[in-house]
Amino acid sequence: MGDVLAGFHAAWEFESDSVLIRYERGIRTPKLFQALGERRVPLEAIAGVTLTPGRRGTVVLRVEPRAGADPLIEAAAGQLKESGDPYRLVLPAERETLAEYYADELRSLLTESDRTERYLVAPPEAPLHFKAYDGKASFDGKAVSFRWSWTGASSAKWKAGDQSFPVADLGGVEWRSPEMFEGYLRLLPRDADASAVPASSAASAAPAVPQADQDPAAVVFGLGYGPVHESLPFAAAVLAAVRERGAVAPVPVSVPAPRRDPADIAERIRHLGELHQQGLVTDEEFSSKKAELLAEL
């Protein structure tokens with residue numbers, strides 16, 4: 001093909017073996033798109049194509065990536081909002097006929113739809129880093145480092161000290177969106193027998209996992225720290241590096257979080273108060289987060 005279809009926030013270039021997606025850098029473009037810049041999606045990474053009506057006189061062209069093809073989508077685990085989906089191209093309704101033509105052309109070239117065991121879409125490149133609520137996370141391509149913040153890290157993390165995790169020792173990552181309650185990035189240890197544990201019994205077979213703010217293998221989000229456009233590409237890059245070494249852990253089974261220790265809640269509120277006094281947290285943010293913490297008692 002080789003043609004370009006421009007929409008809101010992105011332009012897709014259709015090539016013989018891939019779709020090159022270039023994201024705009026305007027102030028209305030989602031920050032995740034700006035952080036990604038551009039992505040080349042091989043045709044073998046696409047399972048299907050849809051064209052549906054959008055909002056306010058638009059249509060939406062979307063390619064459905066094959067399961068396991070994109071580390072970004074794997075790390076997101078269904079938590080991205082529709083507006084933040086990097087595989088959607090929103091177009092004016094008057095371009096529907098043209099979009100339908102490209103959709104048909106793409107469908108005619110697709111040959112695979114099942115899960116792939118290797119990533120086909122390139123991950124974000126290291127080095128990467130971002131600021132979490134309780135520390136700074138860095139990834140140089142070989143190891144992940146957590147350096148704790150004196151204003152946000154729990155006493156458990158301070159006692160454990162700054163952390164460094166070689167990729168060879170990791171089995172995967174668990175990313176919980178900062179746009180959800182209690183967001184975090186957790187590094188999962190390498191476990192050669194993890195795949196042998198049935199998903200239905202994984203929760204009971206595995207030892208209790210500490211809360212993210214008490215776990216030296218995790219950094220927590222919130223109050224503007226660890227935004228999606230910084231923490232998700234980071235998680236995807238780590239996940240891709242782990243898979244390259246052949247040790248990807250299964251997706252963690254969600255289990256109800258245990259109630260927090262009142263002393264831990266008090267410590268978090270104290271840290272929050274210090275940030276408030278320094279002017280780093282607004283009155284509204286302080287009141288909202290304090291209420292969330294108190295609700296866990």
Side-chain angles (χ1 to χ4, degrees), residues 31-32 35 75-76 79 124-190 209-242 249 252 257 260-261 263-282 285-286 288-290 292-293 296:
K31 290 184 178 180
L32 176 60
Q79 298 174 76
E125 294 184 0
L128 295 166
H129 58 84
F130 69 90
K131 286 186 178 180
Y133 173 77
D134 55 359
K136 180 178 180 180
S138 303
F139 178 53
D140 62 5
K142 298 180 179 180
V144 180
S145 299
F146 292 158
R147 183 176 181 180
W148 307 123
S149 165
W150 70 271
T151 57
S154 64
S155 58
K157 291 184 176 181
W158 274 112
K159 290 178 182 178
D162 293 342
Q163 301 289 302
S164 180
F165 302 87
V167 168
D169 295 340
L170 298 178
V173 301
E174 182 182 2
W175 181 81
R176 185 176 176 88
S177 174
E179 296 176 345
M180 302 171 65
F181 179 70
E182 291 287 306
Y184 59 81
L185 171 65
R186 190 193 306 274
L187 303 178
L188 305 177
R190 184 184 180 97
V209 177
Q211 291 283 349
D213 66 332
Q214 302 296 312
D215 186 358
V219 289
V220 298
F221 307 148
L223 301 175
Y225 293 95
V228 172
H229 70 280
E230 294 180 356
S231 61
L232 180 56
F234 185 103
V238 176
L239 187 60
V242 171
R260 290 181 183 272
D261 188 307
D264 293 336
I265 296 291
E267 183 176 18
R268 289 291 299 275
I269 292 176
R270 179 178 63 79
H271 286 311
L272 187 64
E274 292 175 352
L275 293 174
H276 183 230
Q277 291 177 357
Q278 296 170 23
L280 300 176
V281 174
T282 66
E285 291 171 332
F286 174 74
S288 175
K289 186 61 178 179
K290 182 179 178 181
E292 291 178 3
L293 292 169
E296 298 182 38

From [X] [atom1] over to [Y] [atom2], what is the distance, rounded to the nearest 0.5 angstrom?
X    : Y    : atom1 : atom2 : answer
Y225 : E230 : OH    : CD    : 11.5 Å
D134 : W150 : CG    : CH2   : 14.5 Å
L188 : D169 : CG    : CG    : 13.0 Å
Q211 : E182 : CD    : CD    : 6.5 Å
S231 : H129 : OG    : NE2   : 13.5 Å
D215 : Q163 : CG    : CD    : 9.0 Å

For residues [X] and [Y], report the shortest heavy-atom separation together with the two atoms involved.
X    : Y    : answer
A218 : A212 : CB-O, 3.8 Å
D213 : S154 : O-OG, 2.6 Å
A126 : G141 : CB-N, 3.6 Å
L185 : A235 : CD1-CB, 3.8 Å
A156 : Q214 : CB-OE1, 3.3 Å
S164 : A143 : OG-CB, 4.2 Å

Test ring pair (Phe, Tyr, Trp, His ring centres under 6.0 Å), reference F130, set F146, W175, F234, output is F234
Could you check if a side-chain atom of [X] sits within less than 4.5 angstrom of a side-chain atom of [Y], using non-hydrogen atoms only?
X    : Y    : value
S145 : D162 : no
V238 : F165 : no
L32  : P233 : yes

* Asked: Between Y133 and Y184, does the ring centroid distance fall short of 6.0 Å?
  -> no
Counting N and O atoms only, with roles assigned by atom type, does the side chain of W148 sit under 3.5 Å from a partner on the main chain of K157, one being a donor and the other an acceptor?
yes
TODO: Mark yes or no for whether R190, through its side chain, and V167, through its backbone, hold a donor-acceptor pair below 3.5 Å.
DONE: no
Inset, instruction - Please test L232 against Q79 for side-chain contact (heavy atoms from CB on, under 4.5 Å), starting from the C-alpha separation and ending with a verdict. - result: CA-CA 10 Å; L232 180 56; Q79 298 174 76; over 6 Å; no
